[in-house]
Colleague: 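Dropping a structure here in structure tokens format, bear with me for questions.
What you see is a predicted model, and the numbers here were worked out from it, not measured in a lab. By convention in this document, chain letters (A, B, ...) are assigned in the order of the sequence lines, proteins followed by strands, and residues within each chain are numbered from 1.
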Protein chains: 2
Amino acid sequence: MNKCDQCIVRQLSSLKALNKEEVVKLANSKKTYTIKKGEAIFEEGEITNGVFCVKDGVGKLSKLSANGKDQIVKLVKSGELLGQRSMISNEPANLSAKAVADMEVCFIPKSEIIDFFNNNNQFSMNLMQSICEDLKESDNDKIALAQKTVKQRLAETLLYLHDVFGEDADKSLRVHLTREELAGMIGTATESCIRLLSDFNKLELIELVGKKIVIKDIKALKKLAE
Amino acid sequence: MNKCDQCIVRQLSSLKALNKEEVVKLANSKKTYTIKKGEAIFEEGEITNGVFCVKDGVGKLSKLSANGKDQIVKLVKSGELLGQRSMISNEPANLSAKAVADMEVCFIPKSEIIDFFNNNNQFSMNLMQSICEDLKESDNDKIALAQKTVKQRLAETLLYLHDVFGEDADKSLRVHLTREELAGMIGTATESCIRLLSDFNKLELIELVGKKIVIKDIKALKKLAE
DNA sequence: GAATTACTATGACAATTGTCATGTAAAAAA
DNA sequence: TTTTTTACATGACAATTGTCATAGTAATTC
């Protein structure tokens with residue numbers, strides 16, 4: 001009955017600090033949703049009034065910029081929480097959250113989170129640390145965007161995808177991003193992204209199998225990304 | 001005697017949530033430092049074991065990248081706290097903090113902050129919100145870096161400096177950044193930054209008086225930055 | 001006050017990256 | 001299947017941006 005107890009999110013996220021009683025409370029107030037690939041969990045400007053736990057699948061946090069391009073700020077995977085920042089800031093979402101692969105998410109109302117925050121120091125510290133982690137990553141991404149070439153950022157991002165999401169049985173990257181999405185992650189034009197992938201392919205750093213990408217030379221990619 | 005009580009940082013930062021007793025505790029454990037322009041408060045990789053309150057002056061958080069350029073991640077002014085992120089993450093500083101103008105800062109040991117965090121829900125919520133604010137700004141900067149041209153970012157940054165730090169009696173920007181530092185904020189080469197400033201000058205969007213910069217046409221700059 | 005150093009400025013050129021056009025391949029819909 | 005749409009790919013060219021060289025100007029040091 002109490003499904004939250006064994007949920008992966010409970011083991012990986014800030015929620016690991018909750019005690020039995022709190023988990024029961026959580027299980028009673030949460031609501032589960034299934035999100036198909038391409039669909040949105042919430043859109044920029046929406047007031048969510050809670051957070052979403054990612055039970056399964058992959059999502060992207062992105063923002064549509066003035067020139068019509070969708071800039072991807074972060075990918076989220078199972079075990080992570082979504083919408084923490086805007087909930088805490090009492091603001092509408094700054095970013096849209098969409099599914100990159102079919103997702104299962106649970107919604108936890110704000111009142112619950114605030115309650116846990118006020119009564120469980122370990123939970124509030126965990127939550128804080130997870131936001132601090134996001135901040136560090138964001139700052140580091142900023143530096144990479146400002147100082148590195150598109151080629152370096154592409155190499156870096158391919159390694160990141162390989163590292164964090166792993167590979168399928170055929171050795172190709174498990175997360176399937178379109179070239180446009182990949183371009184949106186590294187902050188470049190889709191055509192530039194495609195061109196560089198072709199270059200990497202010719203240099204045998206990667207292999208392009210249809211739309212799939214196989215990482216072939218991690219060392220060389222690492223060197224390129226420096 | 002109890003200097004923290006009327007300190008600007010106490011009014012502006014997360015510390016505003018502290019009660020009288022806690023402020024006394026703070027006043028007894030803090031240590032004040034004077035940092036001259038150009039000097040460092042802490043360097044990347046250092047373990048600070050506490051946070052710094054900025055009482056007066058302007059500082060920059062930056063990181064030296066592989067190509068030798070110093071990327072400025074954030075400017076800090078009086079009323080802000082420095083080093084919160086790495087303290088909470090239990091990590092050495094990810095960024096260096098240096099004075100852009102002479103500074104007065106107070107050091108607060110980690111033990112005090114953790115104590116406040118665990119015993120004062122309003123303080124922990126404030127601290128969290130301030131980090132959330134940083135995260136939002138960082139994400140938005142990331143999008144600007146990825147999607148906007150150097151010209152747009154320069155316009156944006158000039159407006160930001162004008163907005164946040166104001167102008168001197170002669171109408172020039174109060175914060176005095178070198179062209180190199182300005183370039184480091186917008187993520188470009190110093191020469192490109194200088195060239196664009198000259199362009200803006202010719203277009204009468206700004207006026208260059210020696211090393212000083214006077215913002216002349218806010219509307220036009222805003223339009224440019226879009 | 002002369003000399004040294006750091007900062008600002010600009011030209012010339014090259015490299016990177018973006019845009020537009022066009023074609024192909026794959027996937028989805030009819 | 002055929003059609004339509006969407007995603008991938010590449011050429012050609014232009015615009016942006018970075019690099020190197022050089023020089024002037026302001027600030028600092030001796």
Side-chain angles (χ1 to χ4, degrees), chain A residues 36-38 65-71 100-101 144-158 172-173 175-203 206-214 224-225, chain B residues 36-39 65-71 98 100-101 144-158 172-173 175-203 206-214 224-225:
Chain A
K36 287 257 169 66
K37 179 176 172 172
S65 67
N67 58 22
K69 282 182 190 163
D70 203 39
Q71 178 67 28
V100 164
L145 277 165
Q147 305 282 3
K148 293 189 174 181
T149 63
V150 175
K151 193 183 289 181
Q152 288 178 307
R153 270 142 50 204
L154 176 58
E156 199 170 60
T157 301
L158 290 173
S172 72
L173 290 179
V175 258
H176 184 261
L177 299 173
T178 65
R179 306 293 194 251
E180 191 180 357
E181 285 172 324
L182 193 52
M185 278 192 79
I186 65 178
T188 190
T190 307
E191 296 93 325
S192 298
C193 177
I194 290 175
R195 234 179 280 273
L196 286 171
L197 283 174
S198 295
D199 292 350
F200 284 7
N201 190 18
K202 276 165 202 154
L203 291 167
I206 63 172
E207 197 185 337
L208 298 175
V209 185
K211 302 191 175 180
K212 292 183 177 178
I213 299 171
V214 180
L224 232 175
Chain B
K36 287 257 168 66
K37 179 175 173 174
E39 287 177 358
S65 68
N67 58 23
K69 282 181 189 164
D70 202 39
Q71 178 66 28
K98 287 171 196 150
V100 164
L145 276 165
Q147 304 282 5
K148 294 190 174 180
T149 63
V150 175
K151 193 184 287 182
Q152 289 177 306
R153 270 142 52 203
L154 176 59
E156 200 170 59
T157 301
L158 290 173
S172 72
L173 290 180
V175 257
H176 184 262
L177 298 174
T178 65
R179 307 294 194 251
E180 190 179 358
E181 285 173 324
L182 193 52
M185 277 192 79
I186 66 179
T188 190
T190 308
E191 295 93 325
S192 299
C193 177
I194 289 175
R195 236 179 278 274
L196 286 171
L197 283 173
S198 295
D199 291 350
F200 285 7
N201 189 21
K202 275 164 202 154
L203 292 167
I206 63 173
E207 197 186 337
L208 298 176
V209 185
K211 302 189 176 181
K212 293 182 176 179
I213 299 171
V214 180
L224 232 176

Colleague: Compile the donor-acceptor pairs under 3.5 Å between side chains in residues 177-191 of chain A and protein atoms, sequence neighbours left out, one pair per line.
Modeller:
from: A/Thr178; atom 1: OG1; to: A/Glu180; atom 2: N; distance (Å): 3.4
from: A/Thr178; atom 1: OG1; to: A/Glu181; atom 2: N; distance (Å): 3.0
from: A/Arg179; atom 1: NH1; to: A/Lys211; atom 2: O; distance (Å): 3.0
from: A/Glu181; atom 1: OE1; to: A/Thr178; atom 2: N; distance (Å): 3.0
from: A/Glu181; atom 1: OE2; to: A/Lys60; atom 2: NZ; distance (Å): 3.0

Colleague: Round to a whole Å and report the spacing from CG of A/Asp70 to P of D/dA7.
Modeller: 13 Å
Colleague: Is it the case that the side chain of A/Gln147 and the backbone of A/Ala144 share a donor-acceptor pair, with hydrogens and angles ignored and the cut-off at 3.5 Å?
Modeller: no
Colleague: Does anything in residues 144-154 of chain B form a salt bridge (charged side-chain N to carboxylate O under 4.0 Å, His left out)? List the pairs, not counting sequence neighbours.
Modeller: B/Lys148-B/Glu156
Colleague: Generate the contact string for nucleotides 9-16 of chain C. Rules: B means base contact, S means sugar-phosphate contact only, - means no protein heavy atom under 4.0 Å.
Modeller: BBBB----
Colleague: Quick one: B/Glu180 CD to C/dA6 C1', roughly how many Å, whole number?
Modeller: 10 Å
Colleague: Would one find a side-chain N or O of B/Lys148 under 4.0 angstrom from OP1 or OP2 of D/dT17?
Modeller: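 Result: no.
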Colleague: If you measure from OG on A/Ser198 to CD1 on A/Ile206, what distance do you get to the nearest 0.5 Å?
Modeller: 8.0 Å
Colleague: In whole angstroms, how far is the P atom of D/dA7 from the NE2 atom of A/His176?
Modeller: 10 Å
Colleague: Could you tell me how far apart A/Gln152 (CD) and D/dG18 (P) are, to the nearest whole angstrom?
Modeller: 13 Å
Colleague: Report the residues that fulfil side-chain contact (heavy atoms from CB on, under 4.5 Å) with B/Ala146, sequence neighbours left out, ordered by chain and then residue number.
Modeller: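 For B/Ala146, the residues satisfying side-chain contact (heavy atoms from CB on, under 4.5 Å) (neighbours in sequence not counted) are A/Gln71, A/Leu145.
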Colleague: Side-chain contact, heavy-atom cut-off 4.5 Å: B/Glu39 with B/Lys98?
Modeller: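 Side-chain contact under 4.5 Å: no.
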Colleague: Taking atom CG of A/Asn201 and atom CG of A/Leu208, what is their separation to the nearest 0.5 Å?
Modeller: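 A/Asn201 CG to A/Leu208 CG: 4.0 Å, rounded to 0.5 Å.
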Colleague: Could you tell me the separation between the CD atom of B/Gln147 and the C1' atom of C/dT17, rounded to a whole number of Å?
Modeller: 14 Å
Colleague: Expressed as a whole number of angstroms, how long is the span from B/Lys36:NZ to D/dT28:C1'?
Modeller: 16 Å
Colleague: Using a 4.5 Å cut-off on heavy atoms from C-beta on, say whether the side chain of B/Phe200 contacts that of B/Leu158.
Modeller: yes
Colleague: Through what angle, rounded to 10 degrees, does the axis of the helix from C/dG1-D/dC30 to C/dA30-D/dT1 turn between its ends, using five pairs per end?
Modeller: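 Computed from the C1' atoms at both ends, the axes differ by 40°.
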Colleague: Under the rule for salt bridge (Lys or Arg N to Asp or Glu O under 4.0 Å), what residues qualify as partners of B/Lys37, not counting sequence neighbours?
Modeller: none
Colleague: Hey, is the side chain of A/Lys212 poking within less than 4.0 Å of OP1 or OP2 on D/dC8, counting only N and O atoms?
Modeller: no
Colleague: In whole Å, what is the span from the NZ atom of B/Lys37 to the P atom of D/dA27?
Modeller: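 The answer, rounded to whole Å, is 10 Å.
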Colleague: Can you check the B/Leu177 CG to C/dC7 P distance for me, whole Å?
Modeller: 13 Å
